[in-house]
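Working notes for the structure below.
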Amino acid sequence: MKTPLIAATSGVVVLLSSALPSFAADQPLEIVITAGRKAQTLKETLAPVTVITREDIKRWQATDVADVLRRVPSLNVINQGGTGKLTNISLRGTNANQVLVLVDGAKVGSATAGLTAFEFLPLDQIERIEVVRGARSSLYGSEAIGGVIQIFTRRDTARGFKPSASVSLGTEKTQAAQINLAGGNGRSWFNANVGYDKTQGINVQDSYLDWNTWPATTVYELDKDGFESRHLSVRGGQRFNNGANVELSALHAQGDNEFDGVDSNREEFVQRIISAKGSTPLSGNTQLALQLSQTRDERDSFKDAVFNNRFNTQRTNATLQLNTKLSDKDQLTLGLDEQQDKVASSTAFTVTKRNNRGYFANYQKTIGTTQLDTALRYDDNEQFGASRTGSISLGKALTPQTRMTASYSTAFKAPTFNDLYFPSSPGYVGNPDLNPEKARNWELGLQVNLAQGTWYTQLFQNNIKDLISYEFDTGLGLGTMKNVDKAKITGLELGFNQSVGAWQTNINATYQQPKSTSGSTDGKWLARRPQAQAKLDLDRQLGRGSVGASVQAFGKRYEDAANTQPLGGYTTVDLRAQYPLAKHLTLGVKVGNVLDKQYQTAKGYNQLGRNGLVTLSYSPE
């Protein structure tokens with residue numbers, strides 16, 4: 001059964017995403033959308049935001065979404081065995097399922113596992129990524145405890161027809177190809193992109209334990225575990241004379257992934273995202289926006305050629321949003337979200353559907369050199385009831401180039417279908433009485449804008465309670481998930497970005513203490529979170545070509561909550577170069593992990609050693 005807003009908008013094609021588009025034909029780089037669910041300049045938003053453009057992706061010669069995200073301040077990537085393998089992130093020390101991920105405004109991720117399949121999102125379909133650090137539930141609802149990541153698919157609004165293409169070959173028999181067709185006339189525009197990626201991969205694990213036997217036996221699968229993906233995206237829009245906008249977008253990726261495991265070692269996957277959005281002015285100062293989107297995460301797993309299980313989840317979202325400019329110094333946003341999650345699985349969940357309705361309001365005011373940004377949200381979930389979140393941020397310009405910010409916000413994360421409704425299995429059963437995880441976040445920041453760059457520092461603390469974790473009940477003879485754990489994460493971010501002449505520099509570093517504050521693990525480090533991390537991207541233009549380097553260093557971590565299994569720190573170095581062979585033809589060469597560092601981001605899972613990639617690209621620009 002559809003919720004009222006979803007039902008009312010199912011037949012509407014002209015809809016708007018939860019992040020409003022710019023009303024200009026070409027959106028300036030300094031405009032960000034995700035921080036306030038509407039178009040703002042970086043100067044107007046008080047949240048710490050990282051923007052990654054298509055030009056950045058091309059310059060870095062990045063190979064997948066994880067390769068791009070690992071450059072973001074305070075973000076740690078946990079990958080289990082290379083390209084296409086399970087990839088989770090930790091943003092500011094939070095759990096992987098405590099970061100909200102959007103694609104073109106549509107909420108993505110598995111409703112059962114609560115994770116986003118970054119490994120299956122094709123990088124060549126992406127135009128831009130915005131990462132907002134810090135709790136944002138007061139605008140977005142569940143999951144935004146650590147922050148929000150929004151991915152925008154390809155969008156080129158240039159006049160005329162503009163095709164582009166690229167092919168890549170690399171180590172481990174890596175192959176990639178993509179073709180992008182773009183066109184427009186200033187008011188109408190479209191993008192169509194099709195791509196293919198394949199690699200034979202590396203051996204994911206040297207060995208693992210088979211717990212189906214007692215005592216557990218060691219299994220060796222020394223084969224290479226490949227990955228193959230076929231994907232396409234389309235996006236188009238129209239701007240009307242009265243200022244109204246409409247836009248449609250779709251992304252589809254499917255393929256095969258191999259790994260090591262007792263019950264399954266191969267999966268067939270589908271990731272599908274469809275969004276329709278639009279906006280119209282109601283008056284000179286007021287705009288109404290509407291969106292309908294649907295995302296699907298589908299997995300079929302096999303042990304060799306034998307089917308093992310199926311987990312398919314579907315998320316349908318609708319958003320109605322009103323933006324009004326009360327005066328030159330006051331802005332108000334009011335909104336309504338509807339979300340419906342569904343599960344279809346070979347595992348018989350006791351409940352397969354749930355609905356959530358959220359109401360939110362955001363008010364921004366400028367008084368002289370002081371900025372105020374407040375937000376309130378009320379969520380009503382048919383499983384656990386009401387959640388109320390809020391935020392308040394202040395920004396003060398100390399000089400024309402220097403601004404100090406301070407903020408306080410609350411956030412929550414809803415339990416997943418696995419947490420709540422997983423049917424009884426040996427040693428485990430879901431717990432329908434779970435409450436949402438809750439967080440309180442404080443931040444203090446300072447930013448200085450220089451003539452050719454910016455430096456910033458951000459101090460943050462996030463207190464999280466009612467964390468959902470597994471507990472074994474000796475009376476029942478099995479375990480279940482319970483709201484028992486607490487955590488406190490404090491950290492300091494430092495960053496510097498500069499573009500001077502032929503040089504472009506981006507440096508950031510984070511020192512954090514992500515610790516448990518409850519139970520037997522009180523005072524222990526949260527698993528797989530490094531205490532320190534530092535990242536450098538340095539590029540230089542050389543005539544018609546360019547060279548660059550990336551250095552990333554991560555400190556010591558622990559694999560387990562009890563801190564008995566250490567994971568060593570590591571540093572990787574990547575080198576790259578590009579040179580135009582002809583007017584529209586460019587050759588790119590990248591050598592990753594130049595020092596051939598052997599490291600793991602999850603214990604027992606191997607990472608790619610020294611590797612190379614050669615890319616030939618055509619662009620009319």
Side-chain angles (χ1 to χ4, degrees), residues 15-42 45 47 49-58 60 62 64-69 71-72 99-109 116-118 120-132 136 139-140 147-158 164 178 180-182 184 189-193 195 231-239 245-253 271-279 289 291-295 317 319 321:
L15 300 167
L16 187 289
S17 74
S18 56
L20 291 176
S22 167
F23 289 92
D26 295 302
Q27 195 175 80
L29 181 63
E30 69 271 18
I31 295 293
V32 294
I33 292 173
T34 312
R37 293 190 70 153
K38 57 182 175 289
Q40 299 173 286
T41 65
L42 282 172
T45 179
V49 183
T50 298
V51 177
I52 298 166
T53 67
R54 186 71 200 164
E55 288 305 310
D56 294 326
I57 295 170
K58 289 164 60 178
W60 298 331
D64 55 25
V65 174
D67 190 16
V68 172
L69 291 179
R71 304 164 194 270
V72 173
V99 178
L100 177 65
V101 182
L102 309 169
V103 175
D104 291 334
K107 185 175 181 179
V108 299
T116 298
F118 291 105
F120 299 151
L121 294 176
L123 186 61
D124 57 37
Q125 314 284 323
I126 295 173
E127 182 71 24
R128 177 184 176 95
I129 301 175
E130 295 179 1
V131 182
V132 183
R136 308 300 288 176
L139 286 177
Y140 288 99
V148 179
I149 297 174
Q150 181 154 205
I151 296 170
F152 299 91
T153 55
R154 297 289 290 269
R155 181 177 191 257
D156 192 325
T157 58
S164 61
Q178 66 94 18
N180 184 70
L181 304 177
W189 58 271
F190 77 92
N191 266 89
N193 190 288
H231 37 83
L232 62 89
S233 67
V234 292
R235 191 176 176 191
Q238 172 74 40
R239 183 166 59 92
N245 283 265
V246 297
E247 182 180 309
L248 300 174
S249 63
L251 185 150
H252 178 91
Q271 297 286 306
R272 186 177 300 129
I273 303 157
I274 301 173
S275 176
K277 49 190 176 182
S279 61
Q291 172 195 7
L292 183 67
S293 64
Q294 187 178 92
T295 65
N317 286 271
T319 295
Q321 186 167 320

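Scope of the values below: all heavy atoms of this structure, side chains included, with no hydrogens, waters or symmetry mates.
Looking at Arg136 and Leu100, their side chains never come closer than 4.5 Å, going by heavy atoms from C-beta outward. Between Phe152 and Asp104, some side-chain heavy-atom pair lies under the 4.5 Å cut-off. Residues Asn193 and Asp124 form a side-chain contact, since some pair of their non-hydrogen atoms from C-beta on lies under 4.5 Å apart. Looking only at side-chain heavy atoms (C-beta outward), Val132 and Tyr140 stay at 4.5 Å or farther from each other. Between Leu251 and His231 the shortest side-chain heavy-atom distance does not fall below 4.5 Å. Looking only at side-chain heavy atoms (C-beta outward), Val234 and His252 stay at 4.5 Å or farther from each other.
In this structure, OG1 on Thr153 lies 13.0 Å from CZ on Arg128, to the nearest 0.5 angstrom. In this structure, CD1 on Ile52 lies 6.0 Å from CG on Leu69, to the nearest 0.5 angstrom. With rounding to the nearest 0.5 Å, the separation of CD in Glu55 from CD in Glu127 is 8.5 Å. Atoms CD1 and CG, on Ile57 and Leu123 in that order, are 5.0 Å from each other to the nearest 0.5 Å. Taking CD from Gln178 and OG from Ser233, the interatomic distance works out to 9.5 Å, rounded to the nearest 0.5 Å. Between atom CG of residue Leu248 and atom CG of residue Leu292 there is a gap of 11.0 Å, rounded to the nearest 0.5 Å.
For the residue pair Ala39 and Ile33, the shortest heavy atom distance occurs at CA-CG1, 4.4 Å. Scanning all heavy atoms of the two residues, the minimum distance from Arg154 to Ser164 falls at NH2-OG, 4.0 Å. Among all heavy-atom pairs drawn from Ile151 and Leu121, the shortest one is CD1-CD1, 3.8 Å. Here the shortest heavy-atom pairing between Gln238 and Trp189 reads N-NE1, 4.4 Å. Summarising the geometry of Val68 relative to Ala62, their closest heavy-atom pair is CG2-CB, 3.6 Å, with the distance given to 0.1 Å. For the pair Leu181 and Phe190, the tightest heavy-atom approach, listed with the atom from each and the gap, is O-CE1, 3.7 Å.
For Gln321 (side chain) and Arg37 (main-chain N/O), a donor-acceptor pair under 3.5 Å exists by modelled atom type. In this structure a side-chain-to-backbone donor-acceptor pair under 3.5 Å is present from Asp56 to Thr53. A donor-acceptor distance shorter than 3.5 angstrom exists from the side chain of Glu130 to the backbone of Thr34, with no hydrogens or angles considered. Here the side chain of Asn245 pairs no donor or acceptor atom with the backbone of Gly237 at under 3.5 angstrom. A donor-acceptor pair under 3.5 Å links the side-chain atoms of Asn191 to the main chain of Asp156, judged by distance alone. Judged by distance alone, with hydrogens and angles left aside, the side-chain atoms of Thr295 form a donor-acceptor pair with the main-chain N or O of Lys107 at under 3.5 Å.
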